[in-house]
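Read the structure below first, then the notes.
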Amino acid sequence: MKNRILTSVAIAGLIALGACNKKETPAAQNVADSYENVADNIEEAADNAVTDNGEEALQNQADAVRATGDNKADAIDAAAKNKM
């Protein structure tokens, strides 16, 4: 019985994790992943910034890139839904 409960909890956790920030279409997921990679590179540069202001500006830029990627991916998903 204990194994069954643990298995159920593990499966539920994996399903929830898989649904996090996943897009409906592969094209949308590719766009989101690409923008995420760019944002990660910008954050890496922010970690190496000389000044606090420079670091904050780069962090803000990374956030903006992520938001843009999410918006574009959402638009791709919406367009795919409208096609169906």
Side-chain angles (χ1 to χ4, degrees):
M1 182 70 167
K2 198 176 204 180
N3 279 343
R4 193 168 203 221
I5 293 171
L6 288 174
T7 302
S8 297
V9 169
I11 290 171
L14 288 174
I15 290 170
L17 182 61
C20 288
N21 206 19
K22 281 289 190 183
K23 302 302 175 187
E24 292 182 22
T25 62
Q29 188 60 50
N30 289 342
V31 167
D33 289 345
S34 293
Y35 276 81
E36 184 69 28
N37 289 337
V38 171
D40 288 346
N41 289 337
I42 294 170
E43 283 184 340
E44 192 173 312
D47 291 342
N48 296 324
V50 177
T51 64
D52 289 341
N53 288 341
E55 180 179 4
E56 187 174 335
L58 287 169
Q59 289 289 348
N60 290 340
Q61 185 178 1
D63 291 342
V65 167
R66 274 194 186 88
T68 300
D70 283 342
N71 290 339
K72 288 187 178 199
D74 289 343
I76 292 169
D77 279 342
K81 280 184 184 177
N82 288 337
K83 260 188 167 177
M84 294 179 174

Side chain to side chain donor-acceptor pair (under 3.5 Å) with Glu43: which residues, sequence neighbours excluded?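 Glu43 satisfies side chain to side chain donor-acceptor pair (under 3.5 Å) with Arg66 only.
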Please report the shortest heavy-atom distance between Ala28 and Asp77, naming the atom on each side.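 Heavy atoms of Ala28 and Asp77 come nearest at CB-OD1, 3.2 Å.
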Minimum-distance pair of heavy atoms, taken over all atoms of Val31 and Gly69: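 For Val31 and Gly69, the tightest heavy-atom pair comes out as CG1-O, 4.1 Å.
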Using modelled atom types only, decide if a donor and an acceptor are shared between the side chain of Asp70 and the backbone of Ala32 within a distance under 3.5 Å.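 No, the answer is negative, given that no donor and acceptor are paired below the 3.5 Å cut-off.
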Distance, nearest 0.5 Å, that separates CD1 of Ile42 from CG of Asp47: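 It is 12.5 Å, given to the nearest 0.5 Å.
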Residues in side chain to side chain contact (heavy atoms under 4.5 Å, CB included) with Thr68, at least two apart?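 Per chain and number, Thr68 pairs via side chain to side chain contact (heavy atoms under 4.5 Å, CB included) with Tyr35, Lys72.
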Are Gln59 and Asp63 close enough that a side-chain donor and a side-chain acceptor fall under 3.5 Å?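 No, because no side-chain N or O of Gln59 sits under 3.5 Å from a partner of the opposite role on Asp63.
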Asp74: partners by salt bridge (Lys or Arg N to Asp or Glu O under 4.0 Å), with sequence neighbours left out: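 Counting only residues at least two positions away or on another chain, Asp74 forms a salt bridge (Lys or Arg N to Asp or Glu O under 4.0 Å) with Lys23.
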